[in-house]
Chemist: 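Here it is, the structure in full.
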Amino acid sequence: MKVLVVGGAGYIGSHTQYELIKAGHSVVILDNFSTGHKEFIHDKAKLYYGDIRVKDDVDRVFENESGIDVVMHFAAKIVVPESVKVPLEYYHNNVEGVRVLLESASAHGVKSFVFSSTAAVYGEPSKGVCEETDIPAPINPYGETKLACERMIKWVCEAKNMNYMIFRYFNVAGSDESLKIGYKRDIATHLIPLAIESVLGLRGPLSIFGSDYDTKDGTCVRDYIHVSDLAYAHVLGALYLSKGNKSEIVNLGSSSGYTVLEVINEVKKVAEIKYNLDCRREGDPAILIASTKKAKSLLGFTPKYSLLDMISSELSFRKKQVNK
Ligand code: UFG
């Protein structure tokens, strides 16, 4: 397959290009390097610099690269609390970006679209465990923008005779075994990267946001998945679409929930960490766990890495970056 990875220099996009190349596929990348890194581009990938909200940038890729079978979209803003503060930036980047990309891809005869969506579309699920058939009810602008994209993709793909795979990610962490790519942002925004920065002395003690949730220890429960597992699922998803199968929405998680305190206990197995209890953070649901039955039955996908693997690989990657 020839795959256009939009946002391929970012955290999840770069891991996906690595998995695609490992599986023998041809990769083209479009990225504006807003949060991505040039050194994350695989030697075998072809890079275009550009912004998906600028139609000429996107058209240029399709005009130069004939025969793109699948487009994968990773070029989104993803920080829940930031989305609460600056919702319009999220609508502009996430929704308008996908609109332009779909317009250009469909005009250039692309047949399949793989989209990075999120568990945030489920909102505050009453059972905690999210099934793809649950009615989406986001509780923050980030989730709303992703849901708006999901719906746009459905209508556009139906109209243009394309098939699509919408992946709803749960909490992604870890680094590729090569340690060449990993979580690298100026300001860490997610639990495991923040915990690792505390471990490495790059920040003070980790704050636990809320200890009065209705969970076993009062802290929020999340479902963590290794970024390499998640990336590999995209290869399976693209292959599934390339065989002409019908469009689907699929959760990508592990179906196990860990509280924030349990995550800290896993960190303690490999390093010392200081933390304190803080107040709740805006926009956080208490429990989010994926039902993974569909990923397994449809794609034969089961994650192979554990939470400890995520923490250890991310710690190794960050140590390597700090020592550069
Ligand atoms: N947390 C802390 N301290 C921190 C950072 C996070 O206690 O310093 C807590 C959060 O409050 C939350 C949990 O750790 O309970 C996980 O938070 P993250 O910021 O790591 O991740 P989120 O759960 O907010 O975000 C993830 C994905 C999103 C997805 C969202 C659904 O990154 O894509 O889950 O809520 F939309």
Side-chain angles (χ1 to χ4, degrees), residues 7 10-13 35 73-85 90 93-94 115-125 128-130 134 136-150 166-174 183 185 187-199 202-227 230 251-254 257-267 273-290 307 310-311 314:
Y11 175 48
I12 298 175
T35 56
H73 174 276
F74 299 95
K77 285 178 159 290
I78 57 157
V79 183
V80 171
E82 181 188 56
S83 79
V84 176
K85 290 199 179 75
Y90 274 67
N93 189 85
N94 295 0
F115 181 66
S116 308
S117 190
T118 170
V121 301
Y122 292 112
E124 184 92 59
V129 176
C130 309
D134 292 349
I139 59 166
N140 53 54
Y142 168 61
E144 286 287 0
T145 60
K146 286 289 184 175
L147 183 59
C149 292
E150 287 193 4
I166 287 168
F167 282 128
R168 291 180 176 162
Y169 304 166
F170 284 68
N171 290 55
V172 188
Y183 185 95
R185 294 177 85 108
I187 302 169
T189 50
H190 286 72
L191 178 64
I192 292 177
L194 286 162
I196 280 162
E197 290 193 354
S198 291
V199 164
L202 301 171
R203 63 172 59 241
L206 180 75
S207 295
I208 297 181
F209 297 141
S211 50
D212 58 349
Y213 286 97
D214 187 13
T215 61
K216 60 179 162 184
D217 60 23
T219 65
C220 287
V221 173
R222 293 290 182 273
D223 178 332
Y224 295 85
I225 176 167
H226 194 291
V227 65
L230 183 99
N251 287 339
L252 291 179
S254 67
Y258 288 87
T259 67
V260 175
L261 280 169
E262 286 172 334
V263 172
I264 291 173
N265 284 335
E266 290 296 293
V267 173
I273 179 164
K274 293 202 175 75
Y275 59 91
N276 50 43
L277 300 181
D278 206 337
C279 50
R280 287 185 179 201
R281 191 176 69 172
E282 229 178 325
D284 269 342
I287 305 178
L288 276 179
I289 301 173
L307 178 59
M310 296 174 220
I311 292 166
E314 199 154 323

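Counting starts at 1 for both ligands and their atoms, in listed order.
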Chemist: Honestly, is Arg280 close enough over Tyr213, meaning NZ or CZ under 6.0 Å from the six-membered ring centre and within 45° of the axis?
Modeler: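 That pair qualifies as a cation-pi contact.
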Chemist: At what distance is the nearest protein heavy atom to atom 27 (C) of ligand 1, and which residue and atom is it?
Modeler: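 Of the protein heavy atoms, His190 NE2, 4.0 Å lies nearest.
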Chemist: Nearest to atom 7 (O) of ligand 1, what protein heavy atom do you find, and at what distance?
Modeler: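 Minimum-distance protein heavy atom for atom 7 (O) of ligand 1 reads Phe209 N, 2.8 Å.
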Chemist: I'd like to check whether Asn140 has a polar contact with ligand 1, where a contact means an N/O of the residue lying under 3.5 Å from an N/O of the ligand.
Modeler: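 Between Asn140 and ligand 1 (N or O atoms, distance only) the closest approach is not under 3.5 Å.
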Chemist: Can you tell me how far apart CD1 (Ile166) and OG1 (Thr118) are? Round to the nearest 0.5 Å.
Modeler: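 Result: 12.5 Å between the selected atoms.
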Chemist: Distance only, no hydrogens: is a donor on one side chain within 3.5 Å (strictly under) of an acceptor on the other, for Tyr90 and Glu82?
Modeler: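 Side chains of Tyr90 and Glu82: pair found under 3.5 Å.
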Chemist: With heavy atoms only and a cut-off of under 4.0 Å, state how Thr189 meets ligand 1: side chain, backbone, both or neither.
Modeler: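 Near ligand 1, Thr189 shows its backbone, while the atoms from C-beta on stay back.
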Chemist: Under a 4.0 angstrom heavy-atom cut-off, which atoms of ligand 1 come close to Ala120?
Modeler: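 Near Ala120, meaning under 4.0 Å from one of its heavy atoms, ligand 1 has 31 (C), 36 (F).
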Chemist: Side-chain contact test, heavy atoms from C-beta onward, threshold under 4.5 Å: evaluate it for Ser254 versus Met310 and give yes or no.
Modeler: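 A side-chain contact is absent here, since even the closest heavy-atom pair is not under 4.5 Å.
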Chemist: Using a strict 4.0 Å cut-off to heavy atoms of Leu288, name the atoms of ligand 1 that fall inside it.
Modeler: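 Contacts of ligand 1 toward Leu288, numbered from 1: 31 (C), 35 (O).
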Chemist: Please list the nearest protein heavy atom to atom 24 (O) of ligand 1 with its residue and the distance rounded to 0.1 Å.
Modeler: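 Among all protein heavy atoms, the one nearest atom 24 (O) of ligand 1 is Arg281 NH2, 2.7 Å.
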Chemist: Counting C-beta onward and ignoring hydrogens, is there a side-chain heavy-atom pair between Tyr11 and Val172 closer than 4.5 Å?
Modeler: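 In short, these two side chains touch, coming nearer than 4.5 Å.
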Chemist: So how far is it from Lys274 NZ to Arg203 CZ, rounded to the nearest 0.5 Å?
Modeler: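 One finds 15.0 Å between NZ of Lys274 and CZ of Arg203.
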Chemist: Can a non-hydrogen atom of Val221 be found less than 4.0 Å from any atom of ligand 1?
Modeler: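 Contact absent.
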Chemist: Quick check on side-chain contact (heavy atoms from CB on, under 4.5 Å): which of Asp223, Thr215, Thr259 does Ile287 satisfy it with?
Modeler: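 Of Asp223, Thr215, Thr259, side-chain contact (heavy atoms from CB on, under 4.5 Å) with Ile287 is met by Thr215 alone.
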Chemist: Which protein non-hydrogen atom lies closest to atom 36 (F) of ligand 1, naming both residue and atom, and how far is it?
Modeler: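 Going atom by atom, the protein heavy atom closest to atom 36 (F) of ligand 1 ends up being Thr118 OG1, 2.5 Å.
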Chemist: How long is the gap from CG on Asp284 to CZ on Arg222, to the nearest 0.5 Å?
Modeler: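 Reported to 0.5 Å precision, the distance equals 5.0 Å.
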Chemist: Heavy-atom contact check, 4.0 Å cutoff: does Gly143 meet ligand 1?
Modeler: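 Heavy atoms of Gly143 never come under 4.0 Å of ligand 1.
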Chemist: Quick check: do Tyr183 and Ile192 have side-chain heavy atoms less than 4.5 Å from each other?
Modeler: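 Not in contact.
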Chemist: Counting non-hydrogen protein atoms only, what is the nearest one to atom 9 (C) of ligand 1? Give residue, atom name and distance.
Modeler: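 Result for atom 9 (C) of ligand 1: Val260 CG2, 3.8 Å.
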Chemist: Show the atoms of ligand 1 that are less than 4.0 angstrom away from any heavy atom in Ile208.
Modeler: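 The list of qualifying atoms is 7 (O).
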Chemist: Can you see which heavy atom on Gly174 is nearest to which on Val227, and at what distance?
Modeler: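 Result for this residue pair: O-CG1, 3.3 Å.
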Chemist: Could an N or O of ligand 1 be found under 3.5 Å from any N or O of Leu194, whether backbone or side chain?
Modeler: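 By distance alone, the answer is no.
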Chemist: Does some non-hydrogen atom of Tyr169 fall short of 4.0 Å from ligand 1?
Modeler: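 Heavy atoms of Tyr169 never come under 4.0 Å of ligand 1.
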Chemist: With heavy atoms only and a cut-off of under 4.0 Å, state how Leu206 meets ligand 1: side chain, backbone, both or neither.
Modeler: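 The answer is the side chain.
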Chemist: Looking only at atom types and distance, does a side-chain atom of Lys146 sit under 3.5 Å from a main-chain N or O of Ser116, one as donor and one as acceptor?
Modeler: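 It does hold such a pair.
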Chemist: Among all protein heavy atoms, pick the one closest to atom 3 (N) of ligand 1 and tell me residue, atom and distance.
Modeler: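 I find the closest protein heavy atom is Ser207 O, 2.7 Å.
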Chemist: Considering only heavy atoms, does Arg222 approach ligand 1 within less than 4.0 Å through its side chain, its backbone, both, or neither?
Modeler: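 Looking at Arg222 and ligand 1, just side chain atoms fall under 4.0 Å.
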Chemist: Would you kindly specify which portion of Leu191 sits under 4.0 Å from ligand 1, judged on non-hydrogen atoms: side chain, backbone, both or neither?
Modeler: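 Both backbone and side chain.
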Chemist: Give yes if a backbone or side-chain nitrogen or oxygen of Asn171 is under 3.5 Å from a nitrogen or oxygen of ligand 1, and no if not.
Modeler: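 It does: an N or O of Asn171 is found under 3.5 Å from an N or O of ligand 1.
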Chemist: Under 3.5 Å, is there a donor-acceptor pair linking the side chains of Ser198 and Tyr275?
Modeler: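 Result is no, nothing qualifies.
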Chemist: Given that the side chain starts at C-beta and the backbone is N, CA, C, O, which of these parts of Ala195 lies under 4.0 Å from ligand 1, counting heavy atoms, or is it both or neither?
Modeler: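 Contact part for Ala195 vs ligand 1: neither.
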Chemist: Of Ser207, Cys220, Pro81, which meets side-chain contact (heavy atoms from CB on, under 4.5 Å) against Arg281?
Modeler: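 Single side-chain contact (heavy atoms from CB on, under 4.5 Å) partner of Arg281 among Ser207, Cys220, Pro81: Pro81.
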Chemist: Without hydrogens or angle criteria, can the side chains of Asn251 and Tyr122 be said to hold a donor-acceptor pair below 3.5 Å?
Modeler: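 There is such a pair (donor and acceptor under 3.5 Å, judged by atom type) between the side chains of Asn251 and Tyr122.
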Chemist: In the protein, what heavy atom is nearest to atom 11 (O) of ligand 1, and what distance, to one decimal place, separates them?
Modeler: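 Result: Asp284 OD2, 2.6 Å.
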Chemist: Do me a favour and list the nearest non-hydrogen protein atom to atom 15 (O) of ligand 1 with residue, atom name and distance?
Modeler: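 Sorting protein heavy atoms by distance from atom 15 (O) of ligand 1 puts Cys220 CB, 2.9 Å first.
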Chemist: Would Val80 count as being in polar contact with ligand 1, using the rule that some N or O on each side must be under 3.5 angstrom apart?
Modeler: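 Between Val80 and ligand 1, no N or O pair is found under 3.5 Å apart.
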